[in-house]
**Student:** 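If you scroll down you'll find the structure; I have some questions about it.
All values below come from the heavy atoms of this structure, side chains included, with hydrogens, waters and symmetry mates left out. We name chains A, B, ... by the order of the sequence lines, and we start the count at 1 in each one.
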2 protein chains.
Amino acid sequence: MSEELKLKNQVCFPVYNLAKEIISLYRPILKDLDLTYSQYIVMLVLWENEEQNVSEIGSLLNLDSGTLTPLLKRLELKGFIERKRKATDERVVSITLTEEGRNKKEKAECIPTQLVEALDISIEDLSELKRITEKITNQINKIK
Amino acid sequence: MSEELKLKNQVCFPVYNLAKEIISLYRPILKDLDLTYSQYIVMLVLWENEEQNVSEIGSLLNLDSGTLTPLLKRLELKGFIERKRKATDERVVSITLTEEGRNKKEKAECIPTQLVEALDISIEDLSELKRITEKITNQINKIK
DNA sequence: CACAATTATATTGTACACAATTTAATTTTG
DNA sequence: CAAAATTAAATTGTGTACAATATAATTGTG
């Protein structure tokens, strides 16, 4: 059999697999905060900038409205965010944090440390992982 | 704001994001073969070994029956595989390739090359990506 | 050998992820 | 300024992904 089609020689599979593995490490930690991983990265974006459009969140996280609309509705239902159409442009839905959503940030502060501990990986390996994945993502986005 | 919670400092996000980006490069290529990415990696496993149980496929790909059962039923519906309970142990579902599924392999031979071309990344970067992601996955699996 | 425990898969329910289409609002242009 | 084009979200449909539970078959044990 041709070597290239063997699972062990695939390039994407290890990345796809690692993403799932890391997310599964996040899962129990995030459960205490009542957040899924996808909800968590949306909250990260909002903690950094408390008011953003759906499309702004989408372009930061590479998620479209088909993913974000229901996800944001779930965050709204839990009382972490508010969704309001802009008066100046009714097409735009502006997302803001509620008091509860803002307060969650303090509880979240320890997550990056907890995760690095759960990973049990050297800082060197982590930064190399970050460097190479970002490099390749940038290169992909350049040609698109 | 604490640096650690900023999106740009996250470790998992670039991995999660890159996995999605690579899969989106696969999508148009795999569409010609009438396969999704998940279906493709299942076919990879079967091309390597034409008869395997659901659980064997699952442990190679880290997917459980909740994911695999419907996915395999879709592959069966397309006529690429067959699902048959083992006579020796009726609990076990054995998956085999059909003639059509086997023939797909030839059409798939060019995919790894096509993808590397679409990525437009040096072999060095790709092997570094593979090395570091596999290293970290192994480390995660060691502590689990 | 019967019954409990285990095993393999299937099912159910929730939550992404994304393509394609729809809807409604705003901008552009003739 | 009205019709066409564009834009932003929402909706619909398909396909993962996984936890939890169910079902059915097999194995282990008294």
**Student:** Distance only, no hydrogens: is a donor on one side chain within 3.5 Å (strictly under) of an acceptor on the other, for A/E51 and A/T96?
**Tutor:** no
**Student:** Specify the residue among A/T88 and A/T36 whose closest nucleotide of DNA chain C lies further upstream toward the 5′ end.
**Tutor:** A/T36
**Student:** What is the distance from NZ of A/K78 to P of C/dT14, rounded to the nearest Å?
**Tutor:** 13 Å
**Student:** Could you check how far CG of B/L77 sits from C1' of D/dG15, rounded to whole Å?
**Tutor:** 14 Å
**Student:** Rounded to the nearest 0.5 Å, what separation is found between the NZ atom of B/K73 and the CD1 atom of B/I81?
**Tutor:** 11.0 Å
**Student:** How many whole angstroms separate atom CD1 of B/I41 from atom C1' of D/dG15?
**Tutor:** 13 Å
**Student:** Rounded to whole Å, please give me the gap between CG in A/L35 and P in C/dA15.
**Tutor:** 12 Å
**Student:** Would B/K78 and B/Q39 count as having a side-chain donor-acceptor pair, cut-off 3.5 Å?
**Tutor:** yes
**Student:** Between B/F80 (CZ) and D/dG15 (P), how many Å, whole number?
**Tutor:** 12 Å
**Student:** Could you write nucleotides 7-13 of chain C as a row of B, S and -, 5' to 3', where a protein heavy atom under 4.0 Å of any base atom gives B, of only sugar-phosphate atoms gives S, and otherwise -?
**Tutor:** BSSBB--
**Student:** Using the six-membered ring wherever Trp is involved, compare the ring planes of A/Y40 and A/Y26 and label them parallel, tilted or perpendicular (cut-offs 30° and 60°).
**Tutor:** tilted
**Student:** Return all side-chain donor-acceptor pairs below 3.5 angstrom for residues 114-122 of chain A, not counting sequence neighbours, or 'none' if the list is empty.
**Tutor:**
{"residue": "A/S122", "atom": "OG", "partner": "A/D125", "partner atom": "N", "Å": "3.1"}

**Student:** To the nearest Å, give me how far apart CG (B/L61) and P (D/dC18) are.
**Tutor:** 11 Å
